[in-house]
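In what follows, residues are counted from 1 in the order of the sequence shown.
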Amino acid sequence: MGYLLSTYTTIWVLWLLPERLATSLLIFFVFGYVRYQQTQKLSWLFWASFYLAWLTALKPYFALLYLVIGLGFIWQTSLGLAGSYTKNNADSACTADTPYTLGVA
């Protein structure tokens with residue numbers, strides 16, 4: 001009965017709930033992004049951006065990953081390291097990520 005009335009445990013349960021989900025979303029994002037880097041399939045980039053959008057909704061400081069990933073795309077395309085990465089693929093990648101970015105903002 002004392003556990004149910006304690007406000008200390010209730011605060012910790014509410015604090016840890018987004019942490020668990022954020023950790024899982026971060027793992028799914030990293031997996032999807034690495035798979036995109038390996039295969040260059042836009043479906044993996046779509047799912048990675050989906051997980052990053054949810055992660056940013058839970059923990060806004062993860063929006064810095066958008067900057068890091070964006071700079072990575074610029075670096076790859078400027079050095080020609082992207083393999084079959086063309087302008088059409090870049091446009092599709094931006095289009096796939098835009099609705100989730102706008103939904104979070």
Side-chain angles (χ1 to χ4, degrees):
M1 182 69 168
Y3 181 78
L4 293 174
L5 299 176
S6 174
T7 58
Y8 182 72
T9 57
T10 307
I11 289 171
W12 282 105
V13 168
L14 292 176
W15 181 74
L16 288 176
L17 185 63
E19 292 294 329
R20 293 177 192 166
L21 185 57
T23 303
S24 298
L25 290 172
L26 180 62
I27 291 169
F28 289 141
F29 162 72
V30 169
F31 175 76
Y33 186 70
V34 168
R35 291 292 291 178
Y36 167 72
Q37 291 292 333
Q38 293 171 346
T39 63
Q40 295 293 320
K41 290 186 179 179
L42 289 179
S43 61
W44 286 111
L45 185 63
F46 171 79
W47 286 111
S49 65
F50 176 78
Y51 294 128
L52 183 59
W54 274 100
L55 181 63
T56 305
L58 285 175
K59 301 288 181 185
Y61 55 83
F62 276 107
L64 294 174
L65 283 177
Y66 282 109
L67 179 65
V68 172
I69 299 299
L71 290 175
F73 276 127
I74 292 170
W75 181 70
Q76 282 182 347
T77 55
S78 67
L79 294 178
L81 300 175
S84 64
Y85 197 81
T86 63
K87 184 179 183 317
N88 292 335
N89 287 346
D91 292 341
S92 299
C94 292
T95 305
D97 195 30
T98 301
Y100 299 107
T101 306
L102 294 177
V104 171

Original post:
Would W44 and F31 count as a close aromatic pair, with their ring centres under 6.0 Å?
Top reply: yes
Original post:
Between A48 and Y33, which heavy-atom pair has the shortest distance, and what is it?
Top reply: CB-N, 3.7 Å
Original post:
Looking at residues at least two apart in the chain, or sitting in another chain, which of them share a ring-ring contact (aromatic ring centres under 6.0 Å, His included) with F62?
Top reply: none
Subject >> Check: L65 and L26 side chains under 4.5 Å, non-hydrogen atoms >> reply: yes
Subject >> Student check: side-chain heavy atoms of L52 and L55 closer than 4.5 Å >> reply: yes
Subject >> Residues in side chain to side chain donor-acceptor pair (under 3.5 Å) contact with Y51, at least two apart in sequence or another chain >> reply: none
Original post:
Looking only at heavy atoms, what is the nearest atom pair of A63 and T56, with distance?
Top reply: CB-CG2, 3.8 Å
Original post:
Under a 4.5 Å side-chain heavy-atom rule over Ile, Leu, Val, Met, Phe, Trp and Tyr, are V30 and W54 clustered together?
Top reply: yes
**OP:** State plainly whether one hydrophobic cluster holds both Y36 and I74, where clusters connect Ile, Leu, Val, Met, Phe, Trp and Tyr through side-chain heavy atoms under 4.5 angstrom apart.
**Re:** no
Original post:
Hey, are the side chains of E19 and K59 touching, using non-hydrogen atoms and a 4.5 Å cut-off?
Top reply: yes
Original post:
Shared ILVMFWY cluster between V34 and W47, side chains joined below 4.5 angstrom?
Top reply: yes
Original post:
I69 versus F29: any side-chain heavy-atom pair under 4.5 Å?
Top reply: yes
**OP:** Would you kindly confirm whether Y66 and Y61 end up in one hydrophobic cluster when ILVMFWY residues are joined by side chain heavy atoms under 4.5 Å apart?
**Re:** yes
